[in-house]
Protein chains: 2
Amino acid sequence: MVATRLSDVAARAGVSVKTVSNVINDYPHITPATRAKVEAAIAELGYTPNVSARSLRKGRSDFIALAIPEMASPYFAELGAAISRAAKKRGITVLIDQTEGEPAAEQFVLDGMRGQLIDGIIFSPITTAPTKITVADDGKPLLLLGERQPGGAVDHVAVDSVQASFDATNHLISLGRTRIAAVGVGGGAGTGAVRRKGYRKALKAAGLPIDPALEIDGTGYHREDGAAAMRDLLALPSPPDAVFCFNDLLALGALRALADAGLSVPGDVAVVGFDDIEDGRYHSPSLTTISPDLDWLADKAVTLLLDRIAGTGPPERLDLSVPYTLQIRESTTG
Amino acid sequence: MVATRLSDVAARAGVSVKTVSNVINDYPHITPATRAKVEAAIAELGYTPNVSARSLRKGRSDFIALAIPEMASPYFAELGAAISRAAKKRGITVLIDQTEGEPAAEQFVLDGMRGQLIDGIIFSPITTAPTKITVADDGKPLLLLGERQPGGAVDHVAVDSVQASFDATNHLISLGRTRIAAVGVGGGAGTGAVRRKGYRKALKAAGLPIDPALEIDGTGYHREDGAAAMRDLLALPSPPDAVFCFNDLLALGALRALADAGLSVPGDVAVVGFDDIEDGRYHSPSLTTISPDLDWLADKAVTLLLDRIAGTGPPERLDLSVPYTLQIRESTTG
DNA sequence: CTGAAAGCGCTTACAG
DNA sequence: CTGAAAGCGCTTACAG
C-alpha cells in the first residue's frame, strides 16, 4: 500500500537505516537529537513499519491464536474480549479461531496451526479428551483452558471445577433441597465428568443418595439442551426440587422450560448455573452461578504464553487455578 | 519454528523452487507426475509455507479486520462468528478489533489501521458520525456496516433501519397499542436517529401523536440502559402500553424492569426489540424482534470487500440492504 | 554511536 | 514446461 520504507525515512532524516530501526525499536545509545530528527521524518512521511517484513526477519509475528468452540457463545465471547484486551496491553494481537468442536479443527490447533502467522496458542478444547493432548516437539507454545489434564505436558489455566461444583451443589443442599439434579454430565473435554465429581461429592458429604436418573447428559451446553433436559426431569415420577446446570446457557434453557411448565423458581425448583454470563445477571429470575474471574484468567494466560514464547517461563508446566465466587441470586433465594 | 523451506521441498522432489511454488499456488501447466512428486515431498517433510514471506512478496496478507465496538455484546459476537465463517470459506482470516467505541480507536480504523497486517477492513462504527466517514486515498479498502451515509464514498451493508423500525412500530399499532415508547434514540453513529425516523413515521401514518416524553435516550444499548429507560417510562404520569427498543439488549433490560415492577408482558406493556440475538428467543417471554439475515450480510460484506481488494469491484460505491423479517413472539402476542 | 551488507522465505519476471 | 536470480522491507551481526 503505502510506499514509504525504512530507507525513505533514513534518507529524509539523513541517517542510516540502522539508526531508524534503532529508534523504532527503542534501542539505547541514540542521542536525543538523532531521535528527534528520525521521529520528525517518520511523522512527515507517515511511515509505518511493514509487519510482514519484520515477522519474516525476526521469526515472530506478535500474533497469538485463541482457539475456542464458538465465539457467539456468550461465555466464549466474554473470554475472547478479556483475552484480546489483555494481549493488546502487551502489543500482541489475538486471532480468534472457531473450531466448532470439530475434531479435525481441534487437531489442527494441537498441531500448532502450521502455516498460521502466530507465535503461540491459547486453546479451549471441547472434543479432544484432555488425556489425548500432547504437544509436538517442533510445535508452538500452547496453553490450555478448561479442565485439567493430570500429568500432562501442557500449561493449564482453569477454574477448580470439582471444588466449584461442590460449592454450587452445597449451596442448594444448604437451602434444604434434597432431590438435586445435574445437567451437563456429558459435556466435552472432561468438563461434564469433572463437574459431576464435585456434584456427587457434595451429595455424599450431605448423606444424600446419588440417583442416576437425576444426571442428565445435556451435551451441547446450549439453551435448547438445558430446556430439553429440564423437560425430561419434570417428566420423572418424582422430579427434582433443584438443578445444578454445568453452564449458564443450560440453566437459562432450564428456566425457560420451568416457566413453560408453570413452575415457580426457586419455589418449586431452584436453579444454579456456571460461568456468570451477563444474560444470567439480568434474567428474571436472576441466575445464581459460579463466577470465574475472567480478567485474572486472561492476564495469567497471556502472560504465561508470552513467557513460553520468549523462553523465559518456568521449567515445569504450570497449572493455574482461576479465582471464582458463588454469586447467589434470585434463582435460588427468590 | 519448522525449518522446512520451499527449497528443501524442491531438493527432495528433484525440481526447482519455481515448480514447487507453482504446485502450491495451483498454477497450470504442471504435469501430473511432477505434481505428485512435489506433493509427496511436501507431505514427507511436513512443509507449510511461511506466511510472512509470502505476504511480504505479494503485498497481500489474506487477513481482513473486523472492527466492532465490543465482541462480548451478543449481536456483535454473532456477527463476528458469521463474518469469520464467511471469510474462512474463501481462505481469509478475520482479525477482530474492539474499538470500545473510543473515538481514537475508530479514527485508527478509518485511517486504515496502518501497520496492521491486513488487506481491508469491515467496520461497524458507533461513535463516529456517518457523515464524518471518509477514506484516505492511500488507505485500504473499507466497508461499513450499520446506518447509511447518504452520498458517502464508502461501501455499505446494512438493514434498512427506517423501514424495519416502521414495521416494528406498526406491529405494535396493529395490536391496538396507542402509547408506544421508543428506547435508544440516542444510539451512536446515526442508529438512534434513523430508527426513530421509522418509529415516528409509523405513528404519523396511524394518526397517533408524537410524544417526546416517550422517546428515551438509552445510549449504550446494554441491558442496564434498557432497564433504566423502562423505569423512567413507568414513572411517567401516563406510562406507555408498548415499547419499541432499538436493540434486543435494551429490550431484555426493559423486560427485567417490567418484571421487577410486577407488570405483565404483553398484557400491560408489549415489547419489541431489534437484532434477534439468541437470548431473546429463549427469554420468557420470548422477544418479538427484527431479525436480520446475518449470513447474508456476512457473505455480501466479505465478497464485496475482497472484490475491492482485488480491484474487481464495481466502479460505484455500493449500498446493500440486508434482508430481514419481523419475528413475532410472546412479548407482543402473549 | 553509525554504515554497508547479508539474509529471513517466498514469488515472479526473465531466460531457456 | 523448468531454472537461476532478483527483490519484497525489515533486523542484525560485523566493521568502523
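Please read these numbers as outputs of a predicted model, since none were measured by experiment. Reminder, nothing fancy here: chain letters follow the sequence lines and each chain counts from 1.
- Rounded to the nearest 0.5 angstrom, B:Leu56 CG and A:Leu56 CG are separated by 6.0 Å.
- Side chain to side chain, B:Ser16 and B:Thr19 meet the donor-acceptor criterion of an N or O pair below 3.5 Å.
- The residue B:Ser52 sits apart from the nucleic acid: no heavy atom pair falls under 4.0 Å.
- OP1 or OP2 of C:dG3 lies within a sub-4.0 Å distance of a side-chain N or O belonging to A:Ser16.
- Atom CG of B:Leu110 and atom CD1 of B:Ile121 lie 8.0 Å apart (nearest 0.5 Å).
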Given protein heavy atoms under 4.0 Å, the one-letter contact record of nucleotides 10-16 of chain C, with B base, S sugar-phosphate only and - none, is simply BBBB---

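- When the C1' atom is used for both D:dT12 and D:dG16, the distance is 16 Å, rounded to whole Å.
- Heavy atoms of B:Thr34 sit under 4.0 angstrom from primed sugar atoms or phosphate atoms, though from no base atom.
- Positionally, the nearest nucleotide of DNA chain D for B:Thr19 lies more toward the 5' end than for the other of B:Leu56 and B:Thr19.
- A distance of 3.5 Å separates OG1 in B:Thr303 from CZ in B:Arg90, rounded to the nearest 0.5 Å.
- Nucleotides C:dC1 and C:dA5 place their P atoms 24 Å apart, quoted to the nearest Å.
- Nucleotide D:dT2 is matched to C:dA15 when pairs are restricted to Watson-Crick or G-U wobble geometry with both distances under 3.5 angstrom.
- Classification of B:Lys300 and B:Asp307 as a salt-bridged pair fails, no side-chain N sitting under 4.0 Å from a carboxylate O.
- Note that CD of B:Glu78 and CD of A:Glu70 are 10.0 Å apart. Values are rounded to the nearest 0.5 Å.
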